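Structure, as structure tokens:
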Protein chains: 2
Amino acid sequence: MQCKTARPHPSRHGRLAKRRALGSESPWTEKRRQSTGSVASVKSRVTAQHVADKAGVSRSAVSRCFGDGLVSDDTRKRIEAAAEALGYRPNAIARSLTGRSTGLVALLLAEMENPHVDLVLKKLLLAIAEADKRALVIPETPRQDVTESTMHALDYQVDAIIVVGGTVSDRVVGQLRALDTPVFQFGRQLDGLGGVACDSHLGGLLGGQFLIRSGRRRIAYMTKASQTDSNQRRRAGLAAALDAAGLPLLEEHSEENSFEGGYNAATRLFARLERPDALFCFNDMFALGALQAAAAFRLRVPEDVAILGFDDIPMAAWPAFGLSSLRPNLDAQVARLMAMIAEVCDGAPPRRTVDLVVPELVIRRTAC
Amino acid sequence: MQCKTARPHPSRHGRLAKRRALGSESPWTEKRRQSTGSVASVKSRVTAQHVADKAGVSRSAVSRCFGDGLVSDDTRKRIEAAAEALGYRPNAIARSLTGRSTGLVALLLAEMENPHVDLVLKKLLLAIAEADKRALVIPETPRQDVTESTMHALDYQVDAIIVVGGTVSDRVVGQLRALDTPVFQFGRQLDGLGGVACDSHLGGLLGGQFLIRSGRRRIAYMTKASQTDSNQRRRAGLAAALDAAGLPLLEEHSEENSFEGGYNAATRLFARLERPDALFCFNDMFALGALQAAAAFRLRVPEDVAILGFDDIPMAAWPAFGLSSLRPNLDAQVARLMAMIAEVCDGAPPRRTVDLVVPELVIRRTAC
DNA sequence: CTGAAAGCGCTTACAG
DNA sequence: CTGAAAGCGCTTACAG
């Protein structure tokens, strides 16, 4: 699908000629007359020159008025009146060409399955809008991986790139590091790339200590089989807590990181001869699946088995579940990330380190 | 947060002078030397002129090679080799300035609470990427409503605007209609604005007929208090079915369109002297809350009360719920919408009508 | 098929 | 404080 604008190519007379042709006539009127019928009308085609003509000043003055603002009160007033009347807004695209920023921040979505990502995406979108920037959101598709997405983002001269979730290979990280455009990661801790993440190791540790304190002795870590970064860290944190208490680390894997995956993995765990008395799940969806499996086995939660999740997705708080979980403190993460982006926009070199945000243990019914 | 590029303003010699200065030297080398230290390096700054110099052709040739393609095999080969070596990609921003499209599609998110919207957003993002366009996603914030978001989208000369969800007033629709840029609505049926939507009236009718057929006689419609378009249509469809069967339409409202809202509204319904034997809920989240309320009242579902949702969100299929629902057939909606966008990109006038997609009744445990 | 030139809408030193 | 001019990186009639 190649998009071409419907309007005919503009005639070739120079700026001066055009100014004369326009006179003091409103560009709207002119546009209507030229209209080909299909693309109807108006607005966006008003340019700084139109405003300048109407206000009786130069294009430069109009530009300054909407830019650094070095204009006299009188001209400012005239320009603003003209702009208002014409409905003029500077063309962000053209503006960015002169060396200013585009005001665009690319969001590379490498993973979209987990509802946690939905929340992250929403918060980032809001934060970007609040920072008066626009989000260019590029999902990873079957045909386009992170590298490809990055290229697309670069084509639009974005001010910064945020990689959200997903498995980004070291090779790709190397490429990203070398870019002119600052790249940040959200929710991962890959070396050499700045960003923010929940302190997964600490989360694993806190969760483990809590389960131990509440009297659990046979604690199992449930996760999908893949070796993502945050997965390993959570596991390591839990292992450290168990190790300190002289307890073993049980484990069970599943292929998919989902409700069904959690259901299946927990089912296998519950079928073991020595059933675990606590499940520490890689994330909340997994935990909810496990919860469902416990019900199928007629196990009481938390009496027979405690279940602890990670992410504290909104559903965890639902009365139907009351899932205990570790809250990654998304708002703090988003705020830190936006601060980093503000820094590079102010000309600072991009950070190369990941800010870890401390997760909070949220205790509800499934583990207490 | 105003972004300024860190690099110093380029010196003022004209193109010819610059060409000479560059010679056949790679732009990369030059860039490294100029580097201020902060913004490190490389890539994106390679321009068509660099490629032209390296390939020994004109800028025009390079442009054609990446554009309509009217170049000889020989020059094409040389240009492609040079571009490859330099890592050149055309600057999409600059390219769009000449009258071509920006390749940008704006997604105006007027509502982000419902998980259904998450799914819509994901599907639209994927579809836009597949159509080889980029999504500019602009959420409605406390400070910026749809009108403001539209202005921002227009600043970037997007090819089309998609308004997703939310309450868009008639006044705003008027404004949107008048735009040069084609605007489409997703999931609503406001007059005068093209788009796609689930046939809510038909959904209400189908759901009502189904409940009646399964023997229900006291059927209540549960919804948030607001009078959104789709809400009214679903209600009207249900009312039509009930009317035809000579049954009354019970009703209960809630302020928020959420799990808690559904829980509260259902609680009030169950507390009535004459308890309804079926709940038709505005959406699945509402229905899940109602399901929870039924459990609290120790009502058997579906024996004592049938519960029917709308949207068929992924959770509806979870074994924990088994929620019967109406599936809006999102893929068909997205496909239709993208086809409309492709049309206007090919120069056709934007449609002014809404394509209705037939919802499908998905029967699970809560109503059967 | 190809290059020189003008133009897209804006900004920014420069010289008043 | 202000305007004329050059430039951002690209495309597109135009004239070879």
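Quick caveat, the model's predicted, so the values are computed rather than measured. Lettering follows sequence order; numbering is per chain, from 1.
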Practice problem: Starting from P on C:dC10, measure out to CZ on A:R59 and report it in whole angstrom. | Solution: 9 Å
Quiz item: Between B:Y156 (OH) and C:dC10 (P), how many Å, whole number?
Solution: 14 Å
Exercise. Mind checking side-chain contact (heavy atoms from CB on, under 4.5 Å) for B:S149 and listing every partner two or more places apart, or none if nothing turns up?
Key: B:L108, B:I138
Quiz item: In whole angstrom, what separates A:R64's CZ from C:dC14's P?
Solution: 14 Å
Quiz item: If a stem is a run of at least 3 consecutive Watson-Crick or G-U pairs, both distances under 3.5 Å, which stems include DNA chain C?
Solution: C:1-3 with D:14-16, C:5-12 with D:5-12, C:14-16 with D:1-3
Practice problem: Please state whether the phosphate of C:dC10, meaning OP1 or OP2, lies under 4.0 angstrom from any side-chain nitrogen or oxygen of A:Y88. | Solution: yes
Quiz item: Considering only side-chain heavy atoms of B:A94, which listed nucleotide, C:dC8, C:dC10, D:dC10, is closest?
Solution: D:dC10
Exercise. Ignoring the backbone of A:S58, work out which of C:dG9, C:dG3, D:dA4 is nearest its side chain.
Key: D:dA4
Self-check item: Atom-to-atom span, CD of A:Q49 to P of C:dC8 - whole angstrom
Solution: 10 Å
Quiz item: Under 4.0 Å between a side-chain N/O of B:T98 and OP1 or OP2 of D:dG9, yes or no?
Solution: no
Quiz item: Roughly how many Å is it from NE2 in A:H50 to P in C:dC8, rounded to a whole number?
Solution: 10 Å
Quiz item: Would you say a side-chain N or O of A:T47 is under 4.0 Å from OP1 or OP2 of C:dC8?
Solution: no
Practice problem: Could you identify which residues of residues 71-80 of chain B place a heavy atom less than 4.0 Å from some atom of DNA chain D, listed by residue number, or say none? | Solution: none
Quiz prompt | By side-chain contact (heavy atoms from CB on, under 4.5 Å) - contacts of B:S60 (at least two apart) | solution = B:S58, B:R64
Practice problem: Could you list the residues that satisfy side-chain contact (heavy atoms from CB on, under 4.5 Å) with A:T141, not counting sequence neighbours? | Solution: A:P139, A:R143, A:Q144, B:L126, B:A129, B:E130
Quiz item: C:dT12 P sits how many Å from A:D68 CG, rounded?
Solution: 6 Å
Quiz item: Taking OP1 and OP2 of C:dG3, is either one under 4.0 Å from a side-chain nitrogen or oxygen of B:S60?
Solution: no
Quiz item: With B:F186, which residues qualify under ring pair (Phe, Tyr, Trp, His ring centres under 6.0 Å), at least two apart?
Solution: none
Without placing hydrogens or testing angles, list every side-chain donor-acceptor pair under 3.5 Å for residues 69-76 of chain A, not counting sequence neighbours.
unit_1	atom_1	unit_2	atom_2	d
A:S72	OG	A:T75	N	3.4
A:S72	OG	A:T75	OG1	2.7
A:D74	OD2	A:R78	NH1	3.0
A:T75	OG1	A:S72	N	3.4
A:T75	OG1	A:S72	O	3.0
A:R76	NE	A:E80	OE2	3.4
A:R76	NH2	A:C65	O	2.9

Quiz item: Yes or no on side-chain contact (heavy atoms from CB on, under 4.5 Å) for A:S63 and A:R95, after CA distance, side-chain angles and deciding distance?
Solution: CA-CA 9 Å; A:S63 175; A:R95 168 175 277 190; over 6 Å; no
Exercise. Could you tell me which residues satisfy side-chain contact (heavy atoms from CB on, under 4.5 Å) with B:D155, sequence neighbours excluded, listed by chain and number?
Key: A:R89, A:A92, B:H152
Quiz item: Listed by chain and number, what are the ring pair (Phe, Tyr, Trp, His ring centres under 6.0 Å) partners of A:Y156, not counting sequence neighbours?
Solution: none
Exercise. For B:F66 and D:dT11, give me the distance from atom CZ to atom C1', rounded to whole Å.
Key: 14 Å
Quiz item: For A:R95 and D:dG7, what is the distance between atoms CZ and C1' respectively, to the nearest whole Å?
Solution: 17 Å
Exercise. Just compare C:dG3, C:dT11, D:dC10 and give me whichever is closest to any side-chain atom of B:A61.
Key: C:dG3
Quiz prompt | Min side-chain heavy-atom separation A:M340-A:P182 under 4.5 Å | solution = no
Self-check item: A:D159 and A:L104, any side-chain heavy atoms less than 4.5 Å apart
Solution: no
Quiz prompt | Whole-Å P distance, D:dA6 and D:dT2 | solution = 22 Å
